[in-house]
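Let me begin by presenting the structure, written as structure tokens, before commenting on it.
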Amino acid sequence: MPVIIYKFVDGTTNAVEVADEIYLIHLELLQQEKNNYRRETRRHTSLYYFTDMGIEFEDKRVDILAEIIRKENIERVRKEIMTLTDRRRDLVHKAFYDEMKYRAIAEQAGVSPSAISERMSRLRNQLQKKLSDWSF
């Protein structure tokens, strides 16, 4: 007589002798479970296949052209910032990347907040003048 071995959650096993008909039914159920698992994992794997290959799907919520233009403009601004003097670049970094208040920047520099405001205004005008040639 064939033997079916049951493995319990706690790791223990139990062997049971069964009739041939029941053993064949058991084998058929195991095969169906295996096929279902394979079908399920193949479907899930196929969803990730394209992203793993570097292929992205279009997101209807995002205007792709606007996103490309935005990224190009960010890169242009970064390049322009790199042309600034170290002192002005440091000022931009503190104000926009570190998000420091003008008062805190002024205290570090030993000047008045209005001096920092004036510097930022001149800097903004300089960058706007350089960037005004671009089409946004």
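Remember, predicted model here, so these are calculated numbers, not experimental data. Computation of the quantities below employed the complete heavy-atom set of this structure, encompassing side-chain atoms and omitting hydrogens, waters and symmetry-equivalent molecules.
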Is [Y] close to [X] at the side-chain level, that is, under 4.5 Å between some pair of heavy atoms?
X: K94; Y: Q108; value: yes
X: L91; Y: M120; value: yes
X: Y23; Y: E17; value: no
X: L84; Y: L123; value: yes
X: F8; Y: N14; value: yes
X: H93; Y: R88; value: no

Q. Going through the distances and angles, do R87 and R119 end up as a side-chain contact (heavy atoms from CB on, under 4.5 Å)?
A. CA-CA 11 Å; R87 190 169 146 202; R119 289 177 190 172; 3.3 Å; yes

So how far is it from [X] [atom1] to [Y] [atom2], rounded to the nearest 0.5 Å?
X: L27; Y: I22; atom1: CG; atom2: CD1; answer: 12.5 Å
X: S114; Y: R103; atom1: OG; atom2: CZ; answer: 10.0 Å
X: R70; Y: D63; atom1: CZ; atom2: CG; answer: 11.5 Å
X: S121; Y: I116; atom1: OG; atom2: CD1; answer: 12.5 Å
X: N36; Y: L29; atom1: CG; atom2: CG; answer: 10.5 Å

Q. Taking everything shown except R89 itself, do over 12 heavy atoms lie less than 6.0 Å from its CZ?
A. yes

**Q.** Flag if over 12 foreign heavy atoms under 6.0 Å of CD, Q32
**A.** yes

**Q.** N/O donor-acceptor pair under 3.5 Å between D98 side chain and M100 backbone
**A.** no

Q.
With no hydrogens and no angle check, just 3.5 Å: does a side-chain donor-acceptor pair link N35 and Q31?
A. yes

Look at the side-chain heavy atoms of Ile, Leu, Val, Met, Phe, Trp and Tyr, link any pair under 4.5 Å apart, and say whether [X] and [Y] land in one connected group.
X: V16; Y: I25; answer: no
X: Y6; Y: V18; answer: yes
X: L30; Y: L24; answer: no

(Q) Looking at R76 and E80, is there a salt bridge between them, counting it only when a charged N and a carboxylate O are closer than 4.0 Å? (A) no

Q) Can you list the steps and then say if L127 with V77 is a side-chain contact (heavy atoms from CB on, under 4.5 Å)? A) CA-CA 8 Å; L127 288 175; V77 170; 5.7 Å; no

Q: Determine, step by step, whether D90 and V92 satisfy the side-chain contact (heavy atoms from CB on, under 4.5 Å) criterion, reporting the C-alpha distance in whole Å, the side-chain angles of both residues, the deciding distance to 0.1 Å, and the verdict.
A: CA-CA 5 Å; D90 185 49; V92 169; over 6 Å; no

